[in-house]
Amino acid sequence: MNLNLNLNLLLIDDHHLFGVGFAHALSAAAPDIRVLTAMSLPQGLDMAGTHAELDIVLVDYHLGAHNGIEGLRRFGQQFPLIARV
């Protein structure tokens with residue numbers, strides 16, 4: 001079943017195994033979803049600045065020195081058109 005979502009997603013998670021595993025599983029299940037991964041909030045913000053085509057950002061709630069709420073707030077301030085989860 002192909003959903004034809006054509007989404008560009010950024011996953012920010014400081015646990016490499018989870019981030020890479022989730023990205024791989026999502027890409028295998030829905031090949032039309034492009035998944036980028038970042039290991040920190042600053043790296044994710046940098047990536048969002050260079051990938052204007054992002055549709056959604058998934059942020060780990062427990063993200064090292066930052067928490068997910070702070071990450072979502074910062075994304076909303078800098079990139080208000082990207083959906084944040």
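- In terms of heavy-atom proximity, V59 sits nearest to L72 at CG2-CD2, 3.9 Å.
- Residues in residues 20-41 take part in these ring-ring contact (aromatic ring centres under 6.0 Å, His included) pairs, two or more places apart or across chains: F18-F22.
- Taking CG of L7 as the start and CD of E53 as the end, the distance is 12.0 Å to the nearest 0.5 Å.
- Of the inter-residue distances, the one linking L58 atom CG with T37 atom OG1 reads 12.0 Å to the nearest 0.5 angstrom.
- Counting all heavy atoms, side chain and backbone alike, G49 lies closest to F79 at N-CZ, 3.5 Å.
- Side-chain atoms of N8 do not come within 3.5 Å of backbone N or O of D55 as any donor-acceptor pair.
- A 4.5 Å side-chain heavy-atom check between L41 and R74 finds at least one atom pair inside the cut-off.
- Residues satisfying the side chain to side chain donor-acceptor pair (under 3.5 Å) criterion with H15, sequence neighbours excluded, are D13.
- Considering all non-hydrogen atoms of both residues, P31 and A28 come closest at CD-O, 4.1 Å.
- Among all heavy-atom pairs drawn from L54 and L36, the shortest one is CD2-CD1, 4.1 Å.
- Under the rule for a side-chain contact (heavy atoms from CB on, under 4.5 Å), the partners of Q43 that lie at least two apart in sequence or sit in another chain are A38, M39, S40, M47.
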Any chance you could lay out the side-chain contact (heavy atoms from CB on, under 4.5 Å) test for Q78 and L45, step after step, and finish with the verdict? CA-CA 8 Å; Q78 292 184 15; L45 289 166; 3.7 Å; yes
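- No continuous path of ILVMFWY side-chain contacts below 4.5 Å connects V20 to V35, so the two sit in separate hydrophobic clusters.
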